[in-house]
Asks: 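This is the structure I have questions about; it appears just below.
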Amino acid sequence: MICVFLLLPVNYYGQEMQHKQIHSESLEVFTIGNVKEGSKWFWTHCLALYVISCSACVLLHFEYKNITKMRLAHITGSPVNPSHFTVLVRSIPCSQNHSYSKSVEDFFSTYYPASYVSHQMVYRAGRVDKLMKDAEKMYRMLKTIESTTKKSYMPCCLCGKSTHSFEALNNDAESVEIKTSSDELQPSQREKKLKISEQKDVEKIYRKLKTIETQNKMSSTPGCLCGGIMHYFKMLKKEAESVECKTSSDRSQPSQTDKERPAAFVFFRTRYAAIVAAQVLQSSNPMLWVTQLAPEPNDVYWSNLSIPYKQVWLRKIATLLGAFVFMFVFLAPVTFVQGLTQLDQLRQTFPFLKGILKQKFMNQLVTGYLPSVILMLFMYAVPPTMMLFSTIEGNVSHSERKKSAGIKVLYFTIWNVFFVNVLSGSIIRQLSVFSSFRDIPTQLAKAVPTQATFFTTYVLTSGWASLSCEVIQLFPLLCNGFRRFILRRQEEPCSNHALTFPHHTEIPRLLLFGLLGFTCSIMAPLILPFLLVYFFLAFLVYRNQILNVYVPKYESGGQFWPVVHNTTIFSLVLTQVIALGVFGIKRSPVASGFTIPLIFLTLLFNEYCRQRFSPVFKRSPAQVLIEMDKQDENWGRAEEIYKLLRTAYCQFPLLSLDLSTSQELSMAGNSGQNKDEGSSKDQESHNPDLNEIKLSS
């Protein structure tokens, strides 16, 4: 309100000139650059700067305080979280006498005898991982066939009967025969091709499952590598029986020794014991027995746990260098975009465009709308690249990976969208600008008001357009259409493919627009109404998406808020530095003198928040953890917690929760079995080795 109703009139009438109609004026007339040097009206800009800074700091303090309370409430009020009792141990020393599992058991039994419960090793993924994907694919395919036959009352395409159970004929055979009666069902050519393809897939996976089962029977090796209770396929004779994985998590099988990796999840009796073990240095060699609190089971990024810990710091340096190289390589398209905004440079570089650029519509299109659209298209390649860098970095959880990618995207967008566009028109000019850092405030003060048109257009194209794309979910919509109408796959995707909130793309965009709002609030207040509309629409859109579209797979506990706070403080300080440079250029010593203390006060407020609130986001308070442990002990939850820990961190859950047979299908299968009981007995009399493939849970 202050910027629009106070600063805009001051900027508009800052110089004695004959004004046109407001809609015909250039946007530069509404910037601080239109105020003449030595004007006495700069006190309004200084006052607005103080109001904005104080309001932002007060709101940040209350928000930081509320989110800290919500984080503590999340720790104390949420159900029992296995990650509170679990420590991730990496860089386990290798021994020729015994396995990694035995080393972990001996170490923690010796040094943590009262609190150590058990541990779970991390294994090298390979054939089991491939088998899981094949099994899930077969389940979804069978489920689709089941629902199709159920709706159309047609015989099952696997066994030719009207039953709802899937049977594999001839247990000793290497293929599954399809017995469809031609007088009952006359499918089209396309349906025949689909059934033949489905038959081949089932036959292939059937052979794999049978081979694995035979090997397990011969070697007496449990089917579950991770020690948890999991679902798996087994060939049953006549009647289906549930078979559980019976592996001991505290002993390593000889055939699994070569598959173990030097990483493990160690379980403790109390939360306090786990937090102490995670924060204490375990060995005199800091590169051995490295401990940290384990992420939530659904948050674990299993593939990165196999990375040797000694490679992590090298990977971080390599990805940091790669991000810097990518950032500077991206200067080429940004420089091209910036060149489009300079009309005089375009006419000198491309003389044949003089006639075209004389037209008002083409002039506004080329210099106003086109640069922001081109930059937005190039920016779509940034989040996947930064996510790849964060994956190579070696993060052990999805939340850490997204947080690292989000920080990289944030730095990238602030550098390329703001600084590079503001300070430069060509690469040579960029180098000359950064050769003297003392002139940076002056250069920013000169350049920011002139880029008001570009930033306003960027808010419209990248901001408003991104919200519309967020609502319709354009990319998932195209993928779903391609899968259904091109690939002809009607089965629903599994729960692992559910949409999760893209923190690494949306949070950097919001913070970038916040940076533009702070820096342009005094320099070019005309951008604020567009930003206000964007943030209002963003609140409605993201609230709907979070509640109704995105599926939360894990909880980060507010770990992204410190990034938001620090970026907001950076935006405030940058705004104050730019204002200081503007006041110096416009020769207003009073406004400059009042701006310098404001910078130090903002930094002092940031230090207070860092000391007061930030430690809660890095470490959990012992007082809260001990009270929760006492509460669990009084309520007798110990056995329930220990049982939960044994199955929480299962590296190879063969099937997701979607693969558990639903009650509806079970009832339908039972009804179909009762109807065809007589025919089943007849077939069994002809084929005594008839077995049934079922999903046992």
Asks: Which distance, rounded to the nearest 0.5 Å, do you find between the NE2 of His398 and the CG of Asp299?
Replies: 6.5 Å
Asks: Spell out, as yes or no, whether a donor-acceptor pair under 3.5 Å connects the side chain of Ser620 to the backbone of Val616.
Replies: no
Asks: Quick one, Thr505 and Val409 - any side-chain contact, counting heavy atoms below 4.5 Å?
Replies: no
Asks: Could you state the interatomic distance from CZ (Phe330) to OG1 (Thr385), rounded to the nearest 0.5 Å?
Replies: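 If we round to the nearest 0.5 Å, Phe330:CZ and Thr385:OG1 are 9.0 Å apart.
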Asks: Within a strict 4.5 Å, meaning less than it, do heavy atoms of the Thr86 and Val266 side chains meet?
Replies: no
Asks: Please name the pair of heavy atoms, one in Glu506 and one in Glu470, separated by the smallest distance, quoted to 0.1 Å.
Replies: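 Taking Glu506 first and Glu470 second, the nearest heavy atoms are OE2-OE1, 3.9 Å.
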Asks: Rounded to the nearest 0.5 Å, what's the gap from CE on Met387 to NE2 on His504? Could you check?
Replies: 3.5 Å
Asks: Can you name the nearest heavy-atom pair linking Ile546 to Phe501, along with the distance?
Replies: CG1-CD1, 4.1 Å
Asks: Tell me which donor-acceptor pairs under 3.5 Å the side chains of residues 304-312 have, and how far apart each pair is, sequence neighbours excluded?
Replies:
{"unit_1": "Asn304", "atom_1": "ND2", "unit_2": "Thr391", "atom_2": "O", "d": "3.2"}
{"unit_1": "Asn304", "atom_1": "ND2", "unit_2": "Asn395", "atom_2": "O", "d": "2.7"}

Asks: Is there a donor-acceptor pair closer than 3.5 Å between any side-chain N or O of Gln282 and the backbone N or O of Ala277?
Replies: yes
Asks: Taking side chain as C-beta onward, heavy atoms only, is Ile92 less than 4.5 Å from Leu288?
Replies: no
Asks: Within this structure, what is the NZ-CD1 distance for the pair Lys316 and Ile392, rounded to the nearest 0.5 Å?
Replies: 14.5 Å
Asks: Using every non-hydrogen atom in the two residues, find where Phe85 and Thr270 come nearest and quote the distance to one decimal.
Replies: CD2-C, 3.8 Å
Asks: Would you please say whether a donor-acceptor pair under 3.5 Å links the side chains of Ser404 and Glu393?
Replies: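 Distance-only check passes for Ser404 and Glu393.
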Asks: Using distance alone, with no hydrogens and no angle criterion, decide if Thr500 and Lys402 have a side-chain donor and acceptor under 3.5 Å apart.
Replies: yes
Asks: Step by step, would you call Thr567 with Leu515 a side-chain contact (heavy atoms from CB on, under 4.5 Å)?
Replies: CA-CA 8 Å; Thr567 306; Leu515 174 67; 6.0 Å; no
Asks: Of all the heavy-atom pairs spanning Met628 and Ile75, show the shortest one and how long it is.
Replies: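 Distance-wise, the nearest heavy atoms are CE-O, 3.1 Å.
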Asks: Taking the six-membered ring for Trp, are Tyr112 and Phe268 parallel (under 30°), tilted (30 to 60°) or perpendicular (over 60°)?
Replies: perpendicular
Asks: Quick one: pull up CZ in Phe455 and CG in Leu460 and give me the separation to the nearest 0.5 Å.
Replies: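 Going from the CZ atom of Phe455 to the CG atom of Leu460 covers 13.5 Å.
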Asks: Tell me if the OH atom of Tyr411 is crowded by more than 12 foreign heavy atoms within 6.0 Å.
Replies: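 Atom OH in Tyr411 is not packed in, count stays at 12 or less.
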Asks: Do Ser83 and Asn81 pair up side chain to side chain, a donor and an acceptor below 3.5 Å, judged on atom types alone?
Replies: yes
Asks: Which pair of heavy atoms, one from Gly517 and one from Leu531, lies closest together, and at what distance?
Replies: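 So the minimum-distance heavy-atom pair works out to CA-CD1, 3.3 Å.
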Asks: With sequence neighbours excluded, what pairs up with His84 under the ring pair (Phe, Tyr, Trp, His ring centres under 6.0 Å) test?
Replies: none
Asks: Would you call the rings of Phe326 and Phe389 parallel, tilted or perpendicular, taking 30° and 60° as the class edges?
Replies: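 Ring orientation of Phe326 relative to Phe389: perpendicular.
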Asks: More than 12 non-hydrogen atoms from neighbouring residues, nucleotides or ligands closer than 6.0 Å to CZ on Phe324, yes or no?
Replies: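 Check fails, neighbour count at 12 or below.
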Asks: Aromatic rings Phe560 and His503: how do their planes relate, parallel, tilted or perpendicular, breaks at 30° and 60°?
Replies: parallel
Asks: Could you check Val89 against Gln292 for side-chain contact (heavy atoms from CB on, under 4.5 Å), going step by step and ending with a plain yes or no?
Replies: CA-CA 7 Å; Val89 183; Gln292 67 179 80; over 6 Å; no
Asks: Is there a side-chain contact between Trp561 and Arg71 (heavy atoms, below 4.5 Å)?
Replies: no
Asks: Where do Val396 and Leu88 land on the side-chain contact (heavy atoms from CB on, under 4.5 Å) test, with the steps shown first?
Replies: CA-CA 10 Å; Val396 296; Leu88 175 61; 4.0 Å; yes
Asks: Are any non-hydrogen side-chain atoms of Ile275 and Leu625 less than 4.5 angstrom apart?
Replies: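 Sidechains of Leu625 and Ile275: in contact.
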Asks: Are Pro295 and Glu400 packed together at the side-chain level, in the sense that at least one heavy-atom pair is separated by less than 4.5 angstrom?
Replies: no
Asks: List the steps and the verdict of ring pair (Phe, Tyr, Trp, His ring centres under 6.0 Å) for Tyr116 and Tyr111.
Replies: CA-CA 9 Å; Tyr116 169 71; Tyr111 298 104; over 10 Å; no
Asks: Using the ring of each side chain (for Trp, its six-membered ring), is Phe265 parallel, tilted or perpendicular to Trp302, with breaks at 30° and 60°?
Replies: perpendicular
Asks: Report the relative orientation of the aromatic rings in Phe513 and Tyr534; use parallel for angles under 30°, tilted for 30 to 60°, perpendicular for over 60°.
Replies: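 Perpendicular.
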Asks: Under 3.5 Å, side chain of Ser466 to main-chain N/O of Gly463, donor-acceptor pair present?
Replies: yes
Asks: Hey, mind stepping through Phe617 and Tyr64 against ring pair (Phe, Tyr, Trp, His ring centres under 6.0 Å) and telling me if it holds?
Replies: CA-CA 11 Å; Phe617 291 83; Tyr64 219 148; 5.7 Å; yes
Asks: I'd like to check Leu540 versus Asn544 (side-chain heavy atoms, cut-off strictly below 4.5 Å). Are they in contact?
Replies: no
Asks: Within a strict 4.5 Å, meaning less than it, do heavy atoms of the Met327 and Trp415 side chains meet?
Replies: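 Met327 vs Trp415: side chains touch.
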Asks: Which is it for Glu260 and Val122 under the side-chain contact (heavy atoms from CB on, under 4.5 Å) test, yes or no, and what are the steps along the way?
Replies: CA-CA 6 Å; Glu260 292 178 349; Val122 176; over 6 Å; no
Asks: Report the distance from atom OG1 of Thr413 to atom CG of Leu511, rounding to the nearest 0.5 Å.
Replies: 8.5 Å
Asks: Compare every heavy atom of Tyr554 with every heavy atom of Ser399, then report the nearest pair and how far apart it is.
Replies: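 Scanning both residues completely, I find the closest heavy atoms to be CB-CE1, 3.6 Å.
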